[in-house]
Amino acid sequence: MSKALELNDIEKIYKRGEPGEVAVLRGAELTLEAGEVVALVAPSGAGKSTLLHIAGLLDTPDAGQVVVGGQDVTGASDRQRTRVRRGDLGFVYQFHHLLPEFTAIENVVLPQLANGVSARDAKARAEKLLDHMGLSGRMTHRPAALSGGEQQRVAIARALANGPKVLLADEPTGNLDPGTSERVFNALMDLVRETGLAALIATHNPELAGKMDRTVTLSDGLLR
């Protein structure tokens, strides 16, 4: 198996006036292998979102190394980081963040167009992903006409539209009722398994965490 994501000795310190510096991450280490699904568990305020933002190149560590698909991107330029985010990383958040004026299929097509994919190929891939997520009859609906579970499934399809190496998900079912949460999570896992990408999924749900390959816990700035 190849390494899809490596976080080596990651440190992140915030300056918050009194009492001064707050070390959120203090040498966090994590390796994700291709095809591996890992649950990230952390108490509120432990730095879970900070870790995901650093892994997703939305934030930079104060020390340490971020490697995506074997490429050290720690000191990459903004342009390089954008390229890696578009092509190698997929993101799913607790709230779907779909563009309200576009249909489900358009929301999945747009990131592909931004990545240089032809309109024809982007539409074909969007249809395939949405069909896999059980949304073949909902592709032309705008987000407001979709249920919460449907919106989140569109968001998952969008995250996987450009064929990323790594999926980063921050409480992807945290805003859904238990039954819908389980259905959305199972659809996510099926698609992740089929594509063979690596996934780091933050969750407070021990039942969902138990369905993943392993669990890492973030506490006191370290991953265990």
Side-chain angles (χ1 to χ4, degrees), residues 4 32 35-40 48-49 52 55-56 58 85-115 117 119 121-213:
L32 281 185
E36 184 181 31
V37 183
V38 175
L40 172 62
K48 167 181 57 67
S49 294
L52 288 171
L58 297 171
R85 280 198 301 269
R86 282 180 177 171
D88 295 336
L89 300 170
F91 303 88
V92 182
Y93 301 98
Q94 182 173 347
F95 300 98
H96 58 79
H97 297 302
L98 298 174
L99 298 173
E101 66 272 30
F102 293 102
T103 64
I105 192 167
E106 288 169 341
N107 267 279
V108 183
V109 164
L110 286 171
Q112 298 179 75
L113 298 180
N115 210 35
V117 178
D121 289 345
K123 183 173 182 289
R125 178 160 175 79
E127 288 175 343
K128 181 179 179 181
L129 286 167
L130 289 170
D131 182 61
H132 195 116
M133 297 299 290
L135 295 169
S136 57
R138 310 289 281 166
M139 295 188 191
T140 59
H141 291 68
R142 290 187 172 87
L146 301 173
S147 69
E150 290 170 339
Q151 291 169 346
Q152 201 64 340
R153 279 183 277 163
V154 175
I156 291 167
R158 179 184 59 184
L160 299 180
N162 283 324
K165 294 183 177 73
V166 180
L167 176 69
L168 301 168
D170 193 356
E171 297 286 348
T173 63
N175 199 40
L176 305 173
D177 65 78
T180 303
S181 172
E182 184 174 5
R183 288 193 296 272
V184 170
F185 180 79
N186 289 339
L188 169 61
M189 288 293 288
D190 286 345
L191 201 50
V192 167
R193 295 298 191 196
E194 181 178 290
T195 54
L197 79 164
L200 180 63
I201 303 175
T203 181
H204 282 111
N205 186 326
E207 185 176 340
L208 296 185
K211 295 181 178 181
M212 300 186 223
D213 297 323

Contacts of H204 that satisfy ring pair (Phe, Tyr, Trp, His ring centres under 6.0 Å) - sequence neighbours left out
none
Do V154 and P143 touch side chain to side chain, with heavy atoms closer than 4.5 Å?
no
pair L52-F91: side-chain heavy atoms closer than 4.5 Å
no
Point-to-point distance, once rounded to the nearest 0.5 Å, from CD of Q152 to CG of L176:
6.0 Å
Pairwise side-chain contact, L160 with P164, heavy-atom cut-off 4.5 Å (strictly under):
yes
Pairwise distance CG(L197) to CD(E36) - rounded to 0.5 angstrom:
11.5 Å
I need the minimum non-hydrogen distance between A4 and V166, along with the two atoms involved.
O-CG2, 3.6 Å
One pair to check against side-chain contact (heavy atoms from CB on, under 4.5 Å): S181 and N175. What are the steps and the verdict?
CA-CA 8 Å; S181 172; N175 199 40; over 6 Å; no
Residues N205 and T203: closest non-hydrogen pair is N-OG1, 2.9 Å
Beyond-backbone contact of E194 with H132, side-chain heavy atoms, under 4.5 angstrom:
yes
Any side-chain heavy-atom pair from D131 and E127 closer than 4.5 angstrom?
no
Nearest 0.5 Å please: distance from the CG atom of L188 over to the NZ atom of K211.
11.0 Å
Mind checking the CG-OG1 spacing from N186 to T173? Nearest 0.5 Å is all I need.
10.0 Å
Taken to the nearest 0.5 Å, the spacing of E106 CD from L113 CG works out to 10.0 Å
Please indicate whether K123 has more than 12 foreign heavy atoms, meaning atoms of other residues, nucleotides or ligands, lying under 6.0 Å from its NZ.
no
Hey, what's the ring geometry for Y93 with H97, parallel, tilted or perpendicular (30° and 60° as the breaks)?
perpendicular
Identify the two heavy atoms, one from A157 and one from L130, that lie closest to each other, and give their separation to 0.1 Å.
CB-CD2, 3.9 Å
Apply the side chain to side chain contact (heavy atoms under 4.5 Å, CB included) test between L167 and each candidate in V92, V37, L32, L200; give the one that qualifies.
V92
Please lay out, stage by stage, how F185 and M212 fare under the test side-chain contact (heavy atoms from CB on, under 4.5 Å).
CA-CA 11 Å; F185 180 79; M212 300 186 223; 3.7 Å; yes
Rounded to the nearest 0.5 Å, how far apart are CE of M133 and CG of L191?
6.0 Å
Please report the closest heavy-atom contact between N162 and P111, naming both atoms and the distance.
ND2-O, 3.1 Å
State, to 0.1 Å, how close L129 and A161 come at their nearest heavy-atom pair, and which atoms those are.
CD1-CA, 3.7 Å
Taking it one step at a time, do I201 and V38 satisfy side-chain contact (heavy atoms from CB on, under 4.5 Å)?
CA-CA 6 Å; I201 303 175; V38 175; over 6 Å; no
Does some side-chain heavy atom of D170 sit less than 4.5 Å from a side-chain heavy atom of S49?
yes
Out of the candidates R153, E150, Q151, only one should pair with R138 under the side chain to side chain contact (heavy atoms under 4.5 Å, CB included) rule; please name it.
E150
